[in-house]
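Accompanying notes for the structure given below.
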Amino acid sequence: MIDFHFNADFRLEDITKYSEWINRIIVSEGFRGGQLDFIFCSDEYLLGINLQYLNHDTFTDIITFDYTQGKQVSGDIFISIERVKDNASEYGVNLDNELLRVMSHGVLHLMGYKDKTQDDSELMRRKEEEKMKLFHVEP
């Protein structure tokens, strides 16, 4: 089950469309969906999570807590809407595209994709682009 929580002045317009898209991402990688919670929040809220659980005193766009077991994808994905908006502006993309990138990034982490090395980052970017295209695919 995929749930969306809004702890910021933000709402997804069509939750069903996002849920179906996330499920397509999961299935496309040979996984099945478990409990996924997307928490959309402010910079300050995510900074608190970053400090409390990761001991990082930095703003970030996303933090993913992985509860995946085997091929069943589960986790909590915290997304700072403020960071996503800033990143969209900085990279010259629209907010919707940057949001899709960040959301797919979190799901990809839950399926084992990393981004700490140059090679891993390049693969992650390719996978993000591939999964973003699935958003416009009708079931």
Side-chain angles (χ1 to χ4, degrees):
M1 172 179 265
I2 300 170
D3 290 316
F4 300 94
H5 311 273
F6 304 98
N7 294 342
D9 187 22
F10 171 80
R11 298 286 179 271
L12 293 174
E13 289 188 23
D14 187 346
I15 289 174
T16 301
K17 188 171 185 176
Y18 283 89
S19 293
E20 290 171 350
W21 168 63
I22 292 160
N23 280 317
R24 284 192 296 277
I25 292 173
I26 292 167
V27 169
S28 74
E29 293 290 324
F31 286 79
R32 64 185 184 285
Q35 180 63 45
L36 278 176
D37 288 279
F38 284 84
I39 302 95
F40 297 94
C41 57
S42 67
D43 271 350
E44 289 301 321
Y45 186 91
L46 197 52
L47 178 60
I49 298 286
N50 213 2
L51 284 165
Q52 182 176 355
Y53 294 100
L54 303 174
N55 203 28
H56 297 159
D57 189 10
T58 57
F59 288 113
T60 186
D61 54 358
I62 186 169
I63 295 176
T64 304
F65 292 96
D66 188 354
Y67 312 126
T68 299
Q69 294 182 336
K71 290 290 190 174
Q72 185 168 329
V73 177
S74 297
D76 294 332
I77 300 173
F78 291 83
I79 296 174
S80 167
I81 289 303
E82 291 169 274
R83 279 302 100 216
V84 171
K85 288 177 180 177
D86 286 351
N87 288 347
S89 177
E90 181 178 333
Y91 300 129
V93 299
N94 70 41
L95 176 60
D96 292 337
N97 280 350
E98 185 62 10
L99 184 60
L100 291 177
R101 186 192 67 75
V102 172
M103 290 175 73
S104 65
H105 183 92
V107 175
L108 288 164
H109 270 310
L110 296 176
M111 294 184 291
Y113 290 94
K114 309 288 184 212
D115 58 2
K116 296 299 181 198
T117 69
Q118 181 70 28
D119 287 345
D120 287 346
S121 289
E122 289 172 6
L123 176 59
M124 178 67 89
R125 294 293 168 256
R126 286 193 305 273
K127 284 291 184 177
E128 289 168 1
E129 291 294 325
E130 173 187 310
K131 302 314 179 191
M132 288 168 62
K133 290 175 185 171
L134 294 176
F135 186 75
H136 302 289
V137 173
E138 295 301 319

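Given the structure is predicted, the values throughout are model-derived calculations rather than measurements.
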ask   = Between Asp115 and His105, do the side chains contain an N or O donor and an N or O acceptor separated by less than 3.5 Å?
value = yes
query = Below 4.5 Å, heavy atoms only, C-beta onward: do Val107 and Phe31 meet side chain to side chain?
reply = no
From CZ (Arg83) to OG1 (Thr60), nearest 0.5 Å = 9.0 Å
request  = Measure across Leu47 and Thr58 and return the closest heavy-atom pair with its distance rounded to 0.1 Å.
outcome  = CD1-O, 3.4 Å
message = Set out, in order, the CA-CA distance, both residues' side-chain angles and the distance that settles side-chain contact (heavy atoms from CB on, under 4.5 Å) for Glu130 and Glu29, then state yes or no.
response = CA-CA 11 Å; Glu130 173 187 310; Glu29 293 290 324; 3.9 Å; yes
message = If you count every heavy atom of other residues, nucleotides or ligands that lies below 6.0 Å from Asn55 atom CG, does the total exceed 12?
response = no
ask   = Can you name the closest pair of heavy atoms from Phe4 and Ile2 and give their distance?
value = CZ-CG2, 3.6 Å
message = I'd like to check Leu12 versus Leu99 (side-chain heavy atoms, cut-off strictly below 4.5 Å). Are they in contact?
response = yes
message = Do Ile22 and Phe38 make a side-chain contact, defined as non-hydrogen atoms from C-beta onward lying under 4.5 Å apart?
response = yes
query = Can you check whether Asp43's main-chain N or O pairs, donor with acceptor, with Glu82's side chain at less than 3.5 Å?
reply = yes
task = Classify the side-chain pair Thr68/Asp66 by whether it contains a donor and acceptor separated by less than 3.5 Å.
result = yes
query = At what distance, to the nearest 0.5 angstrom, does NZ of Lys114 lie from CG of Asp119?
reply = 15.5 Å
key: Minimal non-hydrogen separation, Ala8 against Ser42, with atom names   = CB-N, 4.1 Å
request  = Nearest 0.5 Å please: distance from the OG1 atom of Thr64 over to the NE2 atom of His109.
outcome  = 5.5 Å
message = For Gly34 versus Gln72, what's the shortest heavy-atom pair and its separation?
response = CA-NE2, 3.5 Å
Reported CG-to-CD1 distance for the pair Leu134 and Ile26, which is rounded to 0.5 angstrom = 11.5 Å
message = Does atom CG (Asp14) have a neighbourhood of more than 12 heavy atoms from anything else shown, all under 6.0 Å?
response = yes
CA sep, side-chain torsions, deciding dist, call: Ser104, Phe135, side-chain contact (heavy atoms from CB on, under 4.5 Å) = CA-CA 10 Å; Ser104 65; Phe135 186 75; over 6 Å; no
ask   = Are Val27 and Met111 connected in the hydrophobic side-chain network, where two residues link if heavy atoms are under 4.5 Å apart?
value = no
task = Find the distance between CE (Met124) and OH (Tyr113) and round it off to the nearest 0.5 Å.
result = 9.0 Å
ask   = Are Glu128 and Arg125 ion-paired here, with the side-chain N under 4.0 Å from a carboxylate O?
value = yes
ask   = Side-chain heavy atoms under 4.5 angstrom apart, residues restricted to Ile, Leu, Val, Met, Phe, Trp, Tyr: same cluster for Phe10 and Ile39?
value = no
ask   = If you round to the nearest 0.5 Å, how far is CG of Leu36 from CG of Leu110?
value = 6.0 Å
message = If hydrophobic clusters are built from ILVMFWY residues whose side chains come within less than 4.5 Å, do Tyr45 and Phe6 share one?
response = no
task = Any pair with a residue in residues 67-95 that passes ring-ring contact (aromatic ring centres under 6.0 Å, His included), sequence neighbours left out, goes on the list, sorted by first then second residue, please.
result = Phe65-Phe78
task = Assess whether side-chain contact (heavy atoms from CB on, under 4.5 Å) is satisfied between Leu100 and Lys131, documenting all intermediate values.
result = CA-CA 9 Å; Leu100 291 177; Lys131 302 314 179 191; over 6 Å; no
task = State, to 0.1 Å, how close Met132 and Asn97 come at their nearest heavy-atom pair, and which atoms those are.
result = CE-O, 3.4 Å
key: Heavy-atom closest contact (Lys85 atom, Leu95 atom, distance)   = CG-CD1, 3.7 Å
query = Any salt bridge between Glu129 and Arg126, counting N to O under 4.0 Å?
reply = no
query = Out of curiosity, does Ile62 fall in the hydrophobic cluster containing Trp21 (side-chain heavy atoms, cut-off under 4.5 Å, transitive links)?
reply = yes
request  = Please answer: with hydrophobic residues joined when any side-chain heavy atoms are less than 4.5 Å apart, are Leu46 and Leu54 in the same cluster?
outcome  = yes
